[in-house]
2 protein chains.
Amino acid sequence: MRLVIARCTVDYVGRLTAHLPSALRLILVKADGSVSVHADDRAYKPLNWMSPPCTVREGTGEDAGTWTVLNKAGERLVITLEETLHDSSHELGVDPGLVKDGVEAHLQALLADQIETLGPGWRLVRREYPTAIGPVDILCRDAAGATVAVEIKRRGEIDGVEQLTRYLELLNRDPRLAPVRGLFAAQEIKPQARVLAIDRGIDCVTLDYESLRGFDDVDARLF
Amino acid sequence: MRLVIARCTVDYVGRLTAHLPSALRLILVKADGSVSVHADDRAYKPLNWMSPPCTVREGTGEDAGTWTVLNKAGERLVITLEETLHDSSHELGVDPGLVKDGVEAHLQALLADQIETLGPGWRLVRREYPTAIGPVDILCRDAAGATVAVEIKRRGEIDGVEQLTRYLELLNRDPRLAPVRGLFAAQEIKPQARVLAIDRGIDCVTLDYESLRGFDDVDARLF
DNA sequence: CCGTAAATGTCGTCG
DNA sequence: CGACGACGTTTACGG
């Protein structure tokens with residue numbers, strides 16, 4: 001990883017055209033070949049960047065101080081260095097990577113294991129039930145045996161309702177399943193998403209991750 | 001901006017729970033208060049981060065080498081430094097910022113100014129036509145006087161078709177406008193999006209940004 | 001390699 | 001401050 005602090009201008013031509021006037025910035029070159037240009041704000045997002053795979057050509061002689069970064073798609077990032085205040089390189093090695101907990105996949109697993117959270121007598125048909133346009137998070141049957149398609153989100157927004165609507169349209173063409181009801185399950189459901197869901201006859205339920213995990217721990221100890 | 005290269009472990013507890021085992025990484029502290037932990041890959045995205053506004057407390061004495069980053073929402077990022085290989089700070093000042101060109105807003109302006117690109121005799125009603133669920137990019141009338149709602153995207157995908165579908169549903173309830181046709185306009189339309197659009201009776205058109213901009217320049221010179 | 005869905009998305013804008 | 005949509009979204013996962 002190479003860290004350069006320099007006064008520079010930057011021009012990007014690719015999916016859009018962008019220009020950065022001269023200013024002091026951090027230029028970060030990673031071992032994967034990516035280059036990013038950071039100001040002292042904007043959280044972690046750079047002002048400009050080039051994602052790998054790409055190649056950096058550092059100018060020599062005539063165009064010394066000019067870095068040209070190119071990728072396969074023909075996108076181009078040109079950095080012109082005017083004054084370099086710092087330049088250091090560091091070998092970091094391969095990172096062991098991140099361990100995550102609490103994302104949608106985990107919610108889905110917990111809910112599938114405790115499907116009766118949705119109602120007494122409910123039974124799981126399967127997780128990731130395949131359809132022509134993608135897998136439905138959970139397919140199950142309620143106490144009366146009616147099919148229910150469940151879409152799970154951490155945060156329930158309109159696009160999640162649209163997604164479930166597409167699945168329902170498809171599932172309801174299958175006579176072995178129809179009629180299929182929809183259930184929109186999320187830790188938090190945005191008001192507009194709830195309105196849209198209800199308007200389409202889709203039920204909504206908010207999930208309590210901590211409580212799902214808690215019961216799961218209890219089950220794990222009992223069996 | 002502070003740059004630290006160190007062997008460290010990181011724990012994040014907030015919207016999810018995440019842990020990073022010990023490894024050499026870059027820790028970037030920006031003037032806006034944000035903290036990010038980078039490996040030597042993954043383009044510009046950090047392994048862990050905390051967005052501003054947040055506060056960093058650097059441990060002293062007993063918990064020296066432990067940084068605790070907190071935000072208002074109670075999210076917590078704890079970085080434990082085991083070995084510091086580099087530590088430098090740099091005053092960058094305020095960045096003059098980025099000049100962009102070629103995004104959706106610009107496409108919309110160009111197309112609105114040259115609405116006859118869509119067909120001879122077409123007339124603009126207005127850009128950003130307001131509805132209860134948000135503004136329609138362009139509302140216009142074709143040569144026959146029929147209303148057309150245009151949704152503009154740089155890349156046309158399924159969610160854009162869904163968005164236009166919702167607008168059309170609403171607009172068609174207005175007797176002064178109905179019947180309203182839909183037109184999905186993008187620089188590039190994905191096959192699946194095109195299939196869905198056509199299935200719903202929505203026309204598709206691909207926009208040539210260069211040519212729109214070219215004609216615009218000509219117009220600018222003529223008038 | 002393409003296509004879809006998730007993301008601690010982030011970021012701007014507008015109410 | 002919340003809601004909403006764009007983003008050079010990026011990234012992971014399947015076919």
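So that the names make sense, note that chain A is the first sequence line, chain B the second, and so on, each numbered from 1.
Nearest-nucleotide assignment on DNA chain C puts the 5′-proximal partner with A/Glu151, out of A/Glu151 and B/Ser51. Nucleotides of DNA chain D nearest to A/Ala18 and B/Pro135 differ in position, and the one nearer the 5' end is that of B/Pro135. Across the interface with DNA chain C, nearest-nucleotide mapping of A/Val103 and A/Lys72 shows A/Lys72 to be the residue nearer the 5′ end. Comparing A/Asn71 and A/Glu188 by the nucleotide of DNA chain D whose heavy atom lies nearest to each, the residue mapping closer to the 5' end is A/Glu188.
Across D/dG8, C/dA6, C/dA7, the shortest atom-to-atom separation from the side chain of A/Glu75 is found for D/dG8. Checking C/dT8, D/dA3, C/dA5 against every side-chain atom of B/Tyr12, the shortest atom distance belongs to C/dT8. Residue B/Gln192 places its side chain closer to C/dG3 than to any other of D/dT10, C/dG3, D/dG8. Closest to the side chain of A/Tyr167, from the set C/dA6, C/dA5, C/dT8, is C/dA5. Checking D/dG8, C/dA6, C/dC11 against every side-chain atom of A/Ala43, the shortest atom distance belongs to C/dC11. Set against C/dA5, D/dG8, D/dA6, the side chain of A/Arg166 has C/dA5 as its closest nucleotide. For A/Pro191, taking side-chain heavy atoms from C-beta onward, the closest of the listed nucleotides D/dT11, D/dA3, D/dG5 is D/dA3. Among C/dA6, D/dT10, C/dT8, the nucleotide with an atom closest to any side-chain atom of A/Leu98 is C/dT8. When the nucleotides C/dG12, C/dT4, C/dT8 are ranked by their closest atom to the side chain of A/Arg42, C/dG12 comes out on top.
Note that CG of B/Asp208 is 11.0 Å distant from CG of B/Leu110, once rounded to the nearest 0.5 Å.
In this entry the distance linking OH of A/Tyr44 with P of D/dT10 reads 11 Å, nearest Å. Rounded to whole Å, the distance from OH on A/Tyr209 to P on C/dT8 is 13 Å. Look at CD on A/Glu104: it is 6 Å from P on C/dA7, rounded to the nearest Å. A/Ile189 has its CD1 atom 14 Å from the P atom of D/dA3, to the nearest Å. A straight line from CD of A/Gln108 to P of D/dA12 spans 19 Å, rounded to a whole angstrom. Between the CH2 atom of A/Trp49 and the P atom of D/dT10 there is a distance of 6 Å, given to the nearest Å. Atom CG of A/Leu47 is separated from atom C1' of D/dC7 by 15 Å (rounded to the nearest Å). Atom-to-atom, CG of B/Asp95 to P of C/dC11 comes out at 14 Å; the value is rounded to the nearest Å.
For the pair B/Gln163 and D/dA6, the criterion of a side-chain N or O lying under 4.0 Å from OP1 or OP2 is met. For the OP1/OP2 pair of C/dA6 and a distance below 4.0 Å, the side-chain nitrogens and oxygens of B/Arg15 include no atom meeting the criterion. A close approach under 4.0 Å does occur between a side-chain nitrogen or oxygen of B/Lys45 and OP1 or OP2 of C/dT8.
Contacts of B/Asn48 with the nucleic acid, taken as non-hydrogen atoms under 4.0 Å apart, include base atoms. Counting non-hydrogen atoms under 4.0 angstrom, A/Met50 reaches a base of the nucleic acid. No contact: A/Arg76 has no heavy atom under 4.0 Å from any strand.
Here the side chains of A/Leu118 and A/Val205 are in contact, with some heavy-atom distance below 4.5 Å. Between B/Leu171 and B/Tyr129, some side-chain heavy-atom pair lies under the 4.5 Å cut-off. Between B/Leu107 and B/Leu212 there is a side-chain heavy-atom pair separated by less than 4.5 Å.
Salt bridge A/Arg25/B/Asp95: present, at least one basic N to carboxylate O contact under 4.0 Å. In this structure, A/Asp203 pairs ionically with A/Arg181, as a charged nitrogen and a carboxylate oxygen lie closer than 4.0 Å. The residues B/Glu151 and B/Arg166 are annotated as not salt-bridged, no charged nitrogen and carboxylate oxygen being separated by less than 4.0 angstrom.
Nucleotides D/dA12 and C/dT10 are separated by 16 Å at their P atoms, to the nearest Å. Taking atom P in both D/dT10 and C/dG12, one finds a spacing of 16 Å when rounded to whole Å. Only the C1' atoms considered, D/dC7 is 13 Å distant from C/dA7, to the nearest whole Å. Look at the P atom in both C/dA5 and D/dG8: the space between them is 22 Å, to the nearest Å.
For D/dG8, there is no paired nucleotide, since no Watson-Crick or G-U wobble pair has both relevant distances below 3.5 Å.
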